[in-house]
Amino acid sequence: MNHSCEPNCEADETDDGRVFIKALRDLLPGEELFYDYGLVIDERYTPKLKKEFACYCGSADCRGTMLAPKRNSQRHNQRSST
């Protein structure tokens, strides 16, 4: 299983710590499985850090990093667009 910014699966963790992989759409036999790693790191996202976790998935919506978007940035962007 590899990372993609346009995943075809998602991980679902249960309360007891088990992880199940669920397809987001019908998959073809032999098709590679991808999910968004969405890595969470508390430190500031610097260009160096983003490069360390670079993404090369090739998706049209590629973030360029396997790091999850910072929540504060999302809230700030929502406020400034209104």
Side-chain angles (χ1 to χ4, degrees):
M1 254 184 126
N2 287 310
H3 165 82
S4 176
C5 294
E6 192 174 336
N8 57 16
C9 297
E10 66 183 5
D12 186 19
E13 187 172 355
T14 62
D15 291 336
D16 63 359
R18 295 186 302 165
V19 177
F20 293 89
I21 304 301
K22 293 197 241 181
L24 297 172
R25 59 172 175 76
D26 290 339
L27 302 173
L28 300 172
E31 185 175 354
E32 189 170 358
L33 304 178
F34 295 102
Y35 74 103
D36 185 345
Y37 289 176
L39 302 174
V40 176
I41 297 179
D42 291 333
E43 62 190 89
R44 194 172 132 256
Y45 286 5
T46 62
K48 181 182 176 191
L49 186 66
K50 288 181 182 181
K51 186 175 182 178
E52 287 180 37
F53 294 96
C55 175
Y56 304 100
C57 72
S59 163
D61 295 323
C62 182
R63 294 188 305 268
T65 181
M66 294 183 283
L67 298 170
K70 292 281 191 178
R71 290 182 185 204
N72 291 344
S73 297
Q74 289 174 340
R75 282 189 207 126
H76 177 356
N77 289 340
Q78 289 173 347
R79 276 189 240 136
S80 58
S81 65
T82 55

Do Leu39 and Leu49 belong together in a cluster built from hydrophobic side chains that touch within less than 4.5 Å?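 Yes; tracing contacts between hydrophobic side chains, which count when under 4.5 Å, links both residues.
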Would Leu24 end up clustered with Met66 when hydrophobic side chains under 4.5 Å apart are linked, directly or stepwise?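 Hydrophobic grouping puts Leu24 apart from Met66.
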So [Y] and [X], do their side chains get closer than 4.5 Å, heavy atoms only?
X     : Y     : value
Cys9  : Lys22 : no
Glu10 : Ile21 : no
Tyr35 : Asn8  : no
Asp12 : Val19 : no

Any donor-acceptor pair under 3.5 Å from Asn2 side chain to Phe34 backbone: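 Absent.
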Exam field: side chain His3 to backbone Tyr37, donor-acceptor pair closer than 3.5 Å: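 Indeed, once roles are kept as given, a pair shorter than 3.5 Å links the two residues.
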Do other residues, nucleotides or ligands put more than 12 heavy atoms under 6.0 Å from the CG atom of Asp16?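 Counting neighbours around CG of Asp16, more than 12 heavy atoms of other residues, nucleotides or ligands fall under 6.0 Å, so yes.
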Crowding at CZ, Arg25 (>12 non-hydrogen neighbours, <6.0 Å):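 Yes, because the 6.0 Å sphere around CZ of Arg25 holds more than 12 heavy atoms from other groups.
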Give me the atom names and distance for the closest heavy-atom approach of [X] to [Y].
X     : Y     : result
Phe20 : Thr14 : CE1-CG2, 3.6 Å
Ala68 : Val40 : CB-CG2, 4.2 Å
Ala60 : Glu6  : N-OE1, 4.3 Å
Cys57 : Cys5  : SG-N, 3.5 Å

Which residue pairs satisfy the salt bridge (Lys or Arg N to Asp or Glu O under 4.0 Å) criterion with at least one member in residues 48-66, sequence neighbours excluded?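 Those involving residues 48-66 are Asp36-Arg63.
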Does the pair Phe53 and Ile41 meet the rule for a side chain to side chain contact (heavy atoms under 4.5 Å, CB included), with working shown? CA-CA 11 Å; Phe53 294 96; Ile41 297 179; 3.5 Å; yes
